[in-house]
**Student:** 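Starting off with a structure, shown below.
Note: hydrogens, waters and symmetry copies are ignored here, and every other heavy atom, side chains too, is used. Start at 1 and go down the list; that is how both ligands and their atoms are numbered.
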Amino acid sequence: MKPSIILINPWIYDFAAYDLWSKPLGLLTLAADLRQRGVHVHLIDCMDVDHPAMVKRSTLKPPKRRQFGTGKFWRQIIKKPEALKETHRPYSRYGLLPEVFDDAVKQVQNPSAILVTSLMTYWYPGVFEVIRRARKIHPRVPIILGGVYARLCEDHATGFSGADRVVSGQGIPAIYETFRNYGISVPNETPNFAIPSYPAFDLLNKIHYVCLMTSTGCPYRCHYCASHFLFPEFVQRDPAEILAEILYWRNKWGIRDFAFYDDALLVSSCKHTAVLLERIAGLNLNIRFHTPNAIHVKEITKSIARLLHQTGFQTIRLGLETSDNHKRWHLDKKISRGDFAHAMDHLRNAGFCPNQIGVYIMVGLPEQSPDAVAETIHHADRCGGVPYLSEYSPIPHTRLWENAVATSAYDLIGEPLFHNNSLLPCWDGSQKNEIPRLKRMVSQIRDKYRGKP
Ligand code: SF4
């Protein structure tokens, strides 16, 4: 009998969450690989906004959806975990009602294993809750936990998640090795290439957009980022293969919105992204691209900006982080003086409107002053970009981690809930008091650009 595997994308438990082209791409990639090898796959996406049982049964307010497939999730306010009880903001479970989740798990008879993915370290309560509930329904089935939280906080996950196995290795081979340990054999060693190998978005109830990963890793080593830990090698896919993937979703499924998940989409673009975009430009596909992960300012040349515009990029996000060059030197080497202004000039000259160009600015870094953030906001505005504050979340295995641990008043090592960027865990009370001022500055600039061609 073919093995039957349940794959679960767990709930988000947080103060805020928004679907900004957010899908469990790793889990969908694994699902596609399992299907190609003859395994029965059952996907349960706790973040599904289109689940029929939610639409029919839920007493919750339906989540508002916005343009390009983004929007809100189902949301239920819940009791805060003990560690967060001093925080005066509502805490929510985003996603399906628990009874809807339970029904979905019960529908799968005799699964061979249950795989749970994870993302932010401080979202672990959602992970633990799906494991607890799945265990109750299928008590003798091995539960395997993987994903970003499992890799960054392996000891915490091993000690407290309730999973039978925590997979801390990279990629799909680590999962197959765990299957072998449990005596689960995959029917076909070689994938069946008649079945598409693209991440299995078709298992979702509705495809609002497709996320693409054209490369893994990043050649930079910014001190606040875990990219090099999660993907030690920078590997780019063949542009022809990526184009085939885009055409598959566009022609077979009518998808118009594509979000790039790459950490370094534009690095070495002359043999990668520029090649892809040149080919797309000649096809008149009428599709839209979005870069929620930010693209490298340094890599935006006149010709790249022209290609981005020509091929339908609608949402450009740039990682400026700070305009304080002294501070920057201790954080990253991804931008040099003048790069940002040049990139903005190229984008504007190519035809992008200011409200299509969002500029991520880090706030809450250890030893960062609110005035330095204010100056970066001004700098983004002077160059014609709309600032977006991006609150710093301390991440284990990054170079800034030790400094974050030393600076923070929270127990970052013992409690991943304190990594939550909403807490601004590395700022003290007087720095946090400046947040309303910084947010006001940002919203004034956004108002100024709203609707401006
Ligand atoms: S450039 Fe971006 S992805 Fe690369 S290390 Fe820096 S923050 Fe991470």
**Student:** Report whether any nitrogen, oxygen or sulfur of Cys225 sits less than 2.8 Å from atom 8 (Fe) of ligand 1 (N, O or S, backbone or side chain).
**Tutor:** yes
**Student:** Rounded at 0.5 Å granularity, tell me how far CG in Leu212 sits from CG in Leu276.
**Tutor:** 8.5 Å
**Student:** What residue and atom, counting heavy atoms only, is the protein's closest point to atom 6 (Fe) of ligand 1, and at what distance?
**Tutor:** Cys222 SG, 2.2 Å
**Student:** Which heavy atom of Pro416 sits nearest to which heavy atom of Tyr122, and what is that distance?
**Tutor:** O-CB, 3.2 Å
**Student:** Compute the centroid of each ring, for Phe260 and then for His290, and state whether the two points are separated by less than 6.0 Å.
**Tutor:** no
**Student:** What class does the angle between the rings of Tyr388 and Tyr360 fall in, given that below 30° is parallel, 30 to 60° is tilted and above 60° is perpendicular?
**Tutor:** perpendicular
**Student:** Report the nearest protein non-hydrogen atom to atom 2 (Fe) of ligand 1: residue, atom name, distance rounded to 0.1 Å.
**Tutor:** Lys334 NZ, 4.0 Å
**Student:** Could you identify the single nearest non-hydrogen protein atom to atom 4 (Fe) of ligand 1 and state the distance to 0.1 Å?
**Tutor:** Cys218 SG, 2.2 Å
**Student:** May I ask you to list the atoms of ligand 1 that are less than 4.0 angstrom from any heavy atom of Asp263?
**Tutor:** 3 (S)
**Student:** Where is the nearest protein heavy atom to atom 1 (S) of ligand 1: which residue, which atom, and how far?
**Tutor:** His296 NE2, 2.9 Å
**Student:** Does the separation of the ring centres of Tyr13 and Phe128 fall below 6.0 angstrom?
**Tutor:** no
**Student:** Centroid-to-centroid, Phe340 to His379, below 6.0 Å?
**Tutor:** yes
**Student:** In terms of atom number and element, which parts of ligand 1 are under 4.0 angstrom from non-hydrogen atoms of Tyr224?
**Tutor:** 7 (S)
**Student:** Select one of side chain, backbone, both or neither to describe which atoms of His228 lie under 4.0 Å from any atom of ligand 1, heavy atoms only.
**Tutor:** neither
